[in-house]
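Reckoned from all heavy atoms, side chains included, excluding hydrogens, waters and symmetry mates. Please read all numbers here as calculations on a predicted model, not as lab measurements.
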Amino acid sequence: MKRLLITICGRAGSKGFKNKNLKTFCGHPLVYYSLSAAELFIKNHPELEVDIALNTDSPALAGLVADQYPEVVYLPRGEELGGDKVPKVEVYKDSFARMEARTGRPYDAMMDLDITSPLRTEQDMENAFAKAAGRPDLQVVFSVCEARRNPWFNMVKTVGDHAEMVIESNFTGRQQAPEVYDVNASIYVIRREFLVDNPDPILWHSKVGVSVMMDTGIIDIDSEHDYLLMEAIARHLYDTDPAFRAVRENIRG
């Protein structure tokens, strides 16, 4: 891979947690953590041609990014891609096509960084990118963390008036069951072929790979409680882990 597009995608508002993409997290705008990690990644890859684009329907978010990261290309999101029912893959395709038209050159892949995953290290990005670059047979590589429960061993579903195992098995220990992961949505690396030549928007219909991140570093921020809990975890990681601290200290402004 020689040309990479890094995308930051965020909608205006949120049903679960109002204006979560505009929040301040441990003293800095939430979106700056993704941009800081991206900047560290770019500095470590002088051999790559990298552009960063922000796809949003929020003028406030666009202004926040432009204030400290003016090199980020603002892609105003159209109404047809607004709302929470539009698959995010469609936003990826829109960003990719518009940036290729803008630059006049094709990218080899795109890497999307979720705004609400501030606890992402530069090494996490390195791992996902290396997996994608080293496995040309994979169309998509996304970040995961080790699951604390396993559907073959200690998860149940309701069936009528009782509960049953999600997947019936005779395993007597979790270590015997197949490895499973939680998809944490922090990082997606997607090859051009999936975004341009593939009419199917379902990620699972392509050949995918995973890149494992620290499980306690990712909590979906969908409520005030999630947000406060993530801040508490972040303060501990900034105090004890140089990789997380490096991202915070690299934030501009």
Take a 6.0 Å sphere around CZ of Arg149 and say whether it holds more than 12 heavy atoms from other residues, nucleotides or ligands. no
Is Lys131 reaching over with its side chain to a backbone N or O of Val210, donor-acceptor style, under 3.5 angstrom? yes
Sidechain N-carboxylate O distance under 4.0 Å for Glu47, Lys2: no
Quick test of your reading of the model: are Glu79 and Arg11 salt-bridged, counting only N-O distances below 4.0 Å? no
With a 4.5 Å heavy-atom cut-off, do Ile6 and Met110 have their side chains touching? no
Heavy atoms only: give me the nearest Ala109-Met1 pair and the separation to one decimal. CB-SD, 3.8 Å
Search all heavy atoms of Pro106 against all heavy atoms of Arg3 and return the closest pair with its distance. O-NE, 2.9 Å
Ignoring hydrogens and geometry, is there a side-chain-to-backbone donor-acceptor pair from Arg135 to Val141 under 3.5 Å? no
Is a side-chain N or O of Asp108 found less than 3.5 angstrom from the main chain of Leu4, in a donor-acceptor match? no
Looking at side-chain heavy atoms only, is the closest gap between His45 and Glu126 below 4.5 Å? yes
Are any non-hydrogen side-chain atoms of Phe244 and Met214 less than 4.5 angstrom apart? yes
Scan side-chain atoms only and decide if Asp114 and Thr116 contain a donor-acceptor pair under the 3.5 Å cut-off. yes
Would you say that Val31 contacts Val65 through its side chain, given a criterion of any heavy-atom pair below 4.5 Å between the two side chains? yes
State whether Glu122 and Lys43 are salt-bridged, where the test is any N-O pair (Lys NZ or Arg NE/NH1/NH2 against Asp/Glu carboxylate O) under 4.0 Å. no
Do you know which two heavy atoms are closest between Val247 and Thr121, and how far apart they sit? CG2-CA, 4.1 Å
Can you check whether Asp112 reaches Cys9 side chain to side chain, under 4.5 Å on heavy atoms? yes
Whether the side chain of Ser58 engages the backbone of Ala12 through a donor-acceptor N/O pair (distance < 3.5 Å, no angle test) should be reported. no
Cation-pi check, Arg174 onto Phe153 ring (under 6.0 Å, within 45° of axis): no
Would a distance-only check, ignoring hydrogens and angles, find a side-chain to backbone donor-acceptor pair under 3.5 Å from Tyr32 to Tyr69? no
Check: Phe194 ring centre within less than 6.0 Å of Tyr92 ring centre: no
Rounded to the nearest 0.5 angstrom, the CE-CZ distance for Met111 and Phe142 is 14.5 Å
For the OH atom of Tyr33 and the CZ atom of Phe25, what is their distance to the nearest 0.5 Å? 6.0 Å
Taking the side chain as C-beta and beyond, is there a heavy-atom pair between Leu119 and Ile233 under 4.5 Å? yes
Do side-chain atoms of Glu100 reach the backbone of Tyr107 as a donor and acceptor pair under 3.5 angstrom? yes
Should Arg102 and Asp51 count as an ion pair when the cut-off is N to O under 4.0 Å? no
A side-chain contact here means heavy atoms from C-beta on lying under 4.5 Å apart; do Arg105 and Glu49 qualify? yes
Using 0.5 Å steps for rounding, measure from the CZ atom of Arg192 to the CG atom of Asn198. 13.0 Å
Would you say Asn55 and Ser95 are linked by a side-chain donor-acceptor pair, where the criterion is simply a distance under 3.5 Å? yes
Measuring from atom OG1 of Thr7 to atom CD1 of Ile52, what distance do you get when rounded to the nearest 0.5 angstrom? 10.0 Å
Inter-residue atom distance Glu249.CD - His28.NE2, 0.5 Å rounding: 9.5 Å
For the residue pair Val89 and Leu203, establish whether any side-chain heavy-atom pair is separated by less than 4.5 Å. yes
State the CG-CD1 distance between Leu40 and Ile251, to the nearest 0.5 angstrom. 9.5 Å
Between Arg120 (side chain) and Met125 (backbone), is there a donor-acceptor pair under 3.5 Å? no
Is the side chain of Asn184 donor-acceptor paired with the backbone N or O of Ser186 at a distance under 3.5 Å, no angle test? yes
Test your reading of the model: is there a side-chain donor-acceptor pair from Arg248 to the backbone of Tyr238, 3.5 Å cut-off? no
Check ion pair Asp241-Arg245 (N to O, under 4.0 angstrom): no
Are Ile115 and Leu75 connected into the same hydrophobic cluster when the rule is that any two of I, L, V, M, F, W, Y join if their side-chain heavy atoms are below 4.5 Å apart? no
Would a distance-only check, ignoring hydrogens and angles, find a side-chain to backbone donor-acceptor pair under 3.5 Å from Glu231 to Cys26? yes
Taking all atoms of both residues into account, what is the closest heavy-atom pair of Arg77 and Leu81, and its distance? CD-O, 3.3 Å
